[in-house]
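All values below were derived from every heavy atom in this structure, side-chain atoms included, with hydrogens, water molecules and symmetry-related copies excluded. Treat the numbers as computed from the prediction; the structure is a model and nothing was measured.
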Amino acid sequence: MLADKKSFDRVEEILRNNGTIENFEKENGELRGRMMITLGELPENLKADLPLNKTDFVFIATFDFFDTAIGIAVDTVNRAPKGDAFYIKQTESAAEPPMEWVTYFINTLSENIRPDGSFGVPILVFMSEESGFTVVPTPPEKEPEIKIE
């Protein structure tokens, strides 16, 4: 289940209203799934074994077609994982997602961390059987500083 379905639905509504999803579906087929990448915390059982520094962040992927979240800690400046991926069951009967979805999450995350280590969250991914597209917030452009002497 998605971490924040209401927020995802709001973005999807905007993209439907402006024609983005319609254009995507014409070329790639109907949307079949959604993934949301947010910031999270390490599970208690990993905190002692995996100390995090100020450039390390924990990213969590949730899906609308799995009841298990996938997480990974990443040093965003060096673009390096800090340990293995981990799973968080969202329901008691949830199963581990197939490895292809772990790989998809990590690849999507990697593609959306900028060279300087910065990133936007949440990362929202819309998927069809053929393709997908990603929506990521970007920081506003800084206004140039004007100095009056």
Answer with yes or no whether the hydrophobic clustering places Val58 together with Ile106; edges join I, L, V, M, F, W, Y residues whose side-chain heavy atoms lie under 4.5 Å apart.
-> no
Does Ser128 reach the main-chain N or O of Asn28 with its side chain, forming a donor-acceptor pair under 3.5 Å? yes
**Arg34 side-chain N/O to Leu124 backbone N/O, donor-acceptor pair under 3.5 Å** = no
- Task: Step through the shown structure and confirm whether more than 12 heavy atoms of other residues, nucleotides or ligands are within 6.0 Å of CG on Asp4.
- Result: yes
* Asked: Okay, side chain of Thr68, backbone of Ala95: is any donor-acceptor separation there less than 3.5 Å?
  -> yes
Residues at least two apart in sequence or cross-chain that pass side chain to side chain contact (heavy atoms under 4.5 Å, CB included) with Lys54, listed by chain then number, are none
* Asked: Taking C-beta and beyond as the side chain, do Pro97 and Phe65 meet within less than 4.5 Å on heavy atoms?
  -> no
Flag side-chain contact, heavy atom, 4.5 Å: Val102 against Glu96 | no
Sorted by chain and residue number, the side chain to side chain contact (heavy atoms under 4.5 Å, CB included) partners of Ile88 (sequence neighbours excluded) come out as Ile60, Ala69, Phe86
Would you call Thr76 and Phe59 a side-chain contact if the rule is heavy atoms closer than 4.5 Å? yes
Within one Ile-Leu-Val-Met-Phe-Trp-Tyr cluster: Met36 and Ile70, side-chain cutoff 4.5 Å | no
**Study point:** Exam field: side chain Thr62 to backbone Leu2, donor-acceptor pair closer than 3.5 Å
**Key:** no
With sequence neighbours left out, the residues meeting side chain to side chain contact (heavy atoms under 4.5 Å, CB included) with Thr134 are Thr108, Asn112, Ile123, Val125, Val136
(Q) Is it the case that the side chain of Thr103 and the backbone of Met99 share a donor-acceptor pair, with hydrogens and angles ignored and the cut-off at 3.5 Å? (A) yes
Name the atoms and distances for all side-chain donor-acceptor pairs under 3.5 Å in residues 39-53, with sequence neighbours left out.
| residue | atom | partner | partner atom | Å |
| --- | --- | --- | --- | --- |
| Glu44 | OE2 | Lys47 | NZ | 3.0 |

Contacts satisfying ring pair (Phe, Tyr, Trp, His ring centres under 6.0 Å) that involve residues 7-53 (not counting sequence neighbours) are Phe8-Phe126, Phe24-Phe133
Excluding Val77, membership of its hydrophobic cluster (Ile, Leu, Val, Met, Phe, Trp, Tyr; side-chain heavy atoms within less than 4.5 Å) reads none
OG1 (Thr20) and CD (Glu12) are apart, to the nearest 0.5 Å, by 11.5 Å
| message | Which label fits Tyr104 and Trp101: parallel for a plane angle under 30°, tilted from 30 to 60°, or perpendicular past 60°? | response | perpendicular
Do Val121 and Val135 sit in one hydrophobic cluster, given that two such residues count as connected whenever their side-chain heavy atoms are within less than 4.5 Å of each other, even indirectly?
no
